[in-house]
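We're numbering straight along the sequence, starting at 1. As the structure is a prediction and not an experimental result, all values here were calculated from the model. Each ligand, and each atom within it, is numbered from 1 in the order the structure gives. Values below: every heavy atom of this structure, side chains too, minus hydrogens, waters and symmetry copies.
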Amino acid sequence: MAVKSKHVRRGLWNHLMRTGVEMGLASIIYEVGVASKYVNHAMRTGDLGLAGTSNLYGEEQLALDVLADEIIKDRLDHTGRVSKIVSEEQSEIIIFERSGRRRQYAVCYDPLDGSSLVDVNLAVGTIVSIYPGDDPLQPGKNQVGAMFVVYGPRTTLVYSTGNGVFEFTLNSLGEYTLTRENIFMKEQGNLYSPGGLRSEYLPEHERYVASLEADGYKLRYSGGFVPDINQILLKGSGVFMYPATRKSPCGKLRLPFELNPMAYLVEQAGGGASTGTERILDVVPGDLDQRSPVYIGCRREVALAERILNGGE
Ligand code: AFP
């Protein structure tokens, strides 16, 4: 629901305190917000070239990928509440020094998902997943919070800690102010966001997509996971999918950095997220690089995918 009260400036920290978010968890969310302002600035003014390095997956890193990763890592350490982090841009788990009683959270994040879209001026994003304790590789259902930032025409931050999903927009003063509260998805929508090459679709997935098209669903796909999910979530309508294909039986998207946080947020907004055979948040992650097929959005569309993919229709 859009927030109409222009006069009550509800900043991010004020909101986190007012809604009773635990101080350590609140500081993580707030500090990622701070980091995103630097990432936002760098993206709109900085070097879009290659960093000359590559990540765990052998993908060439942009200077922006490396910069975003460093900024977010530093701000998470600064909270004093994070014990370990796993970044999509790092090849191993990072343990923060001075670990102690207060460092009670572990964080997985993708600092700049879709970064290859920046140089064609398409929206990209930061994705963050927060777990209790010091193990960042837990099933997604253990998350105590998740958030993403969309660097688009506006810079927006969406988070949940289990008591509603909220959107904040970065204003001209550099403040995140509340723009949507208690975001909730319809039972059924009319958008579909189909990742993967159609020529590589498996027959049952092809049947699913054809079913949506026969029902008049409109295709909305940018190639950026964060803006594509943001659209399905905020319009409350339809489904994003990146399926198992002939060449990639596990799909493309990564469980710890992309799927678990988005599945947490979409479920908190009344939607669903499935591998096609089981709930994303129930999957026990094996390693940093674990990928999974994904169907995420309104409950009806996700349930239909599970039925068709399992021979039910
Ligand atoms: P990059 O981070 O390498 O640009 O990939 C972005 C992404 O992982 C995710 O943001 C998109 O949903 C997906 O790739 C798009 O994949 P296709 O280019 O195969 O459609």
Side-chain angles (χ1 to χ4, degrees), residues 36 39 42-43 48-51 53-69 72 86-91 108-129 146-152 156 158 191-202 205-206 209 219-234 238-263 265-266 271 273-276 280 288-297 302 305:
S36 71
V39 175
M43 186 177 314
L48 302 183
L50 293 177
T53 54
S54 59
N55 64 15
L56 173 65
Y57 313 96
E59 297 159 343
E60 280 189 318
Q61 292 174 306
L62 295 174
L64 266 178
D65 285 325
V66 175
L67 178 64
D69 186 46
I72 294 169
V86 183
S87 162
E88 194 193 66
E89 298 302 331
Q90 301 278 348
S91 55
C108 291
Y109 66 95
D110 183 351
L112 203 58
D113 183 85
S115 53
S116 59
L117 301 171
V118 173
D119 61 356
V120 292
N121 203 22
L122 282 175
V124 292
T126 294
I127 315 171
V128 179
S129 178
M147 64 190 291
F148 62 79
V149 177
V150 187
Y151 308 99
T156 56
V158 173
L191 303 177
Y192 72 115
S193 196
L197 289 176
R198 191 137 199 181
S199 59
E200 294 176 8
Y201 282 179
L202 298 170
H205 180 72
E206 177 60 46
V209 172
L219 193 156
R220 293 288 184 273
Y221 191 76
S222 76
F225 185 51
V226 177
D228 287 343
I229 292 290
N230 185 62
Q231 175 169 215
I232 297 286
L233 177 67
L234 297 193
V239 59
F240 174 96
M241 59 195 94
Y242 207 105
T245 64
R246 297 182 206 289
K247 282 190 182 168
S248 307
C250 291
K252 174 180 184 181
L253 299 180
R254 294 142 185 129
L255 188 68
F257 309 109
E258 291 159 326
L259 302 187
N260 275 336
M262 291 308 197
L265 290 164
V266 166
S274 172
T275 65
I280 287 280
L288 297 183
D289 183 25
Q290 184 155 343
R291 300 168 193 249
S292 168
V294 62
Y295 299 80
I296 180 170
V302 173

- [ ] Could you check T126 against Y151 for side-chain hydrogen bond (donor to acceptor under 3.5 Å, both in side chains), going step by step and ending with a plain yes or no?
- [x] CA-CA 8 Å; T126 294; Y151 308 99; 2.8 Å; yes
[X] versus ligand 1: do any nitrogen or oxygen atoms come within less than 3.5 Å of each other?
{"X": "G114", "value": "yes"}
{"X": "G224", "value": "no"}
{"X": "Y242", "value": "yes"}

Task: Interatomic spacing from CD1 in I232 to CD1 in I296 - rounded to 0.5 Å - done: 9.5 Å
For [atom], which protein heavy atom lies nearest, and how many Å away is it?
{"atom": "atom 11 (C) of ligand 1", "value": "G223 O, 3.2 Å"}
{"atom": "atom 15 (C) of ligand 1", "value": "Y221 OH, 3.3 Å"}
{"atom": "atom 10 (O) of ligand 1", "value": "D113 OD2, 2.4 Å"}
{"atom": "atom 7 (C) of ligand 1", "value": "K252 NZ, 4.0 Å"}

Give the atom numbers and elements of ligand 1 that come within less than 4.0 Å of a heavy atom of [X].
{"X": "E258", "answer": "8 (O)"}
{"X": "L253", "answer": "8 (O), 9 (C)"}
{"X": "S116", "answer": "4 (O)"}

Open item on the list: Below 4.0 Å, non-hydrogen atoms only: which portion of V226 touches ligand 1? Side chain, backbone, both or neither.
Closed with: neither
- [ ] Return the set of residues passing side-chain hydrogen bond (donor to acceptor under 3.5 Å, both in side chains) with D69 (not counting sequence neighbours), or none when no residue passes.
- [x] S87, Q90, Y109
Open item on the list: Which heavy atom of L117 sits nearest to which heavy atom of S222, and what is that distance?
Closed with: CD1-O, 4.1 Å
Open item on the list: Give me the atom names and distance for the closest heavy-atom approach of P111 to E88.
Closed with: CD-N, 4.4 Å
Open item on the list: If we only consider heavy atoms of G195, is any one of them less than 4.0 Å away from an atom in ligand 1?
Closed with: no
Task: Between N260 and S129, a side-chain donor and acceptor under 3.5 Å - done: no
Task: Close side-chain approach of F148 and D110, heavy atoms under 4.5 Å - done: no
- [ ] Say whether, by atom type as modelled, one donor and one acceptor occur between the side chain of R254 and the main chain of D289 under 3.5 angstrom.
- [x] no
